[in-house]
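If you read the sequence from its start, that first residue is 1, and numbering goes on from there.
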Amino acid sequence: MVITGAPGAFCAGGSLRTLGRPDVAAMRELYRSSLRLFDAVRQCPRPVIAAVNGAAAGGGNELVIACDLAVAARSATFGQTGPRVGSAPVTGATNVLGVQIGEKRAKEMALLCRRYSAEEALELGLVNRVVPDEELVPAVDALVAELAALSPATWRSPRSAPTSGGTRPATPSATGWAC
């Protein structure tokens with residue numbers, strides 16, 4: 001499965017308009033639906049690839065974190081927005097990201113809200129590959145073809161294998177968090 005966005009904007013996450021005068025019920029539903037999406041991506045029986053073709057901010061960055069593989073266009077940017085806009089990372093930036101890029105780097109990303117270029121995201125380990133913008137679709141198509149040539153029975157093992165720390169990190173809904 002491939003997840004991508006409209007040209008220039010992979011995914012921005014939540015709406016900033018709702019933070020000024022939050023509707024508590026709507027915010028809870030956004031939180032819950034975000035968790036359901038994160039869980040669905042993490043538990044998908046097939047590998048999930050993020051084809052990042054623009055800004056991946058806040059919840060969009062967390063969507064990249066949820067995916068098994070990520071290919072970024074050179075113009076893509078990444079980062080959390082939480083403390084800058086008065087919200088908090090609610091899906092993967094607080095637990096799964098630390099396993100992927102290291103605890104200190106994950107805290108830096110979540111707390112300081114810096115923007116990272118595609119090349120910086122590659123160095124951090126947030127993405128697997130960076131390609132020129134015009135080569136994103138062919139690069140992802142090639143990755144899909146490479147995966148399709150493998151036995152689907154083998155996809156489950158590496159995806160559920162323990163990561164650093166001995167266990168596959170729990171998704172937030174599995175931790176019992178509730179609004």
Side-chain angles (χ1 to χ4, degrees), residues 1-13 34 37-82 89 91-165 167-169 171:
M1 183 167 86
V2 176
I3 297 174
T4 194
F10 175 75
C11 180
S34 297
L37 173 61
F38 192 88
D39 284 345
V41 170
R42 296 283 293 168
Q43 296 171 14
C44 182
R46 291 174 175 80
V48 180
I49 303 167
V52 188
N53 57 340
N61 190 57
E62 294 180 84
L63 185 55
V64 174
I65 293 164
C67 292
D68 297 300
L69 302 168
V71 180
R74 187 158 282 121
S75 65
T77 59
F78 300 81
Q80 288 305 120
T81 55
T91 55
T94 54
N95 56 358
V96 178
L97 183 60
V99 173
Q100 291 182 0
I101 70 170
E103 182 181 357
K104 297 292 186 200
R105 288 176 169 175
K107 286 181 180 180
E108 174 186 298
M109 186 176 282
L111 293 172
L112 300 177
C113 302
R114 292 181 180 152
R115 301 300 303 154
Y116 298 87
S117 69
E119 292 295 337
E120 291 169 320
L122 179 65
E123 290 173 19
L124 287 169
L126 188 60
V127 300
N128 302 91
R129 185 173 174 203
V130 174
V131 298
D133 290 25
E134 64 278 4
E135 294 178 22
L136 181 62
V137 171
V140 172
D141 286 347
L143 188 55
V144 168
E146 187 176 349
L147 285 166
L150 302 172
S151 169
T154 64
W155 292 342
R156 294 178 77 110
S157 180
R159 293 182 70 237
S160 62
T163 55
S164 62
T167 60
R168 183 171 171 96
T171 56

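Nearest heavy atom pair, residue T81 against residue A57, reads CG2-CB, 4.0 Å. The two residues T4 and A51 come nearest to each other via the heavy atoms OG1-O, 2.7 Å. Annotation for L122 and R129: closest pair CD1-N, 3.8 Å, computed over non-hydrogen atoms. Of all heavy-atom pairs between D68 and R46, the closest is OD2-O, 4.0 Å. Heavy-atom minimum distance, F38 versus V96: CZ-CG2, 3.9 Å. Taking every heavy atom of both residues into account, N53 and A6 meet most closely at ND2-O, 3.2 Å.
Of the candidates Q80, E108, R105, E108 is the only one forming a side-chain hydrogen bond (donor to acceptor under 3.5 Å, both in side chains) with Y116.
Applying the side-chain hydrogen bond (donor to acceptor under 3.5 Å, both in side chains) test to E119 and every residue at least two apart in sequence or in another chain returns nothing.
Without hydrogens or angle criteria, T77 side chain to R115 main chain gives no donor-acceptor distance under 3.5 Å. Distance alone, capped at 3.5 Å, places no donor-acceptor pair between the N61 side chain and the F78 backbone. With hydrogens and angles ignored, the 3.5 Å screen pairs no side-chain donor or acceptor of N128 with any backbone N or O of V71.
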Residues 133-145 side chain polar contacts: donor-acceptor under 3.5 Å, at least two apart:
unit_1 : atom_1 : unit_2 : atom_2 : d
D133   : OD1    : R74    : N      : 3.1
D133   : OD1    : S75    : N      : 3.0
D133   : OD1    : S75    : OG     : 3.4
D133   : OD2    : S75    : OG     : 2.5

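The distance from atom OG of S117 to atom CD of E123, rounded to the nearest 0.5 Å, is 7.0 Å. Between L97 atom CG and E62 atom CD the span is 8.5 Å, to the nearest 0.5 Å. Here CD of E146 is found 9.5 Å from CG of L69. Values are rounded to the nearest 0.5 Å. We find the CD1-CG distance between I3 and L37 to be 6.5 Å, quoted to the nearest 0.5 Å.
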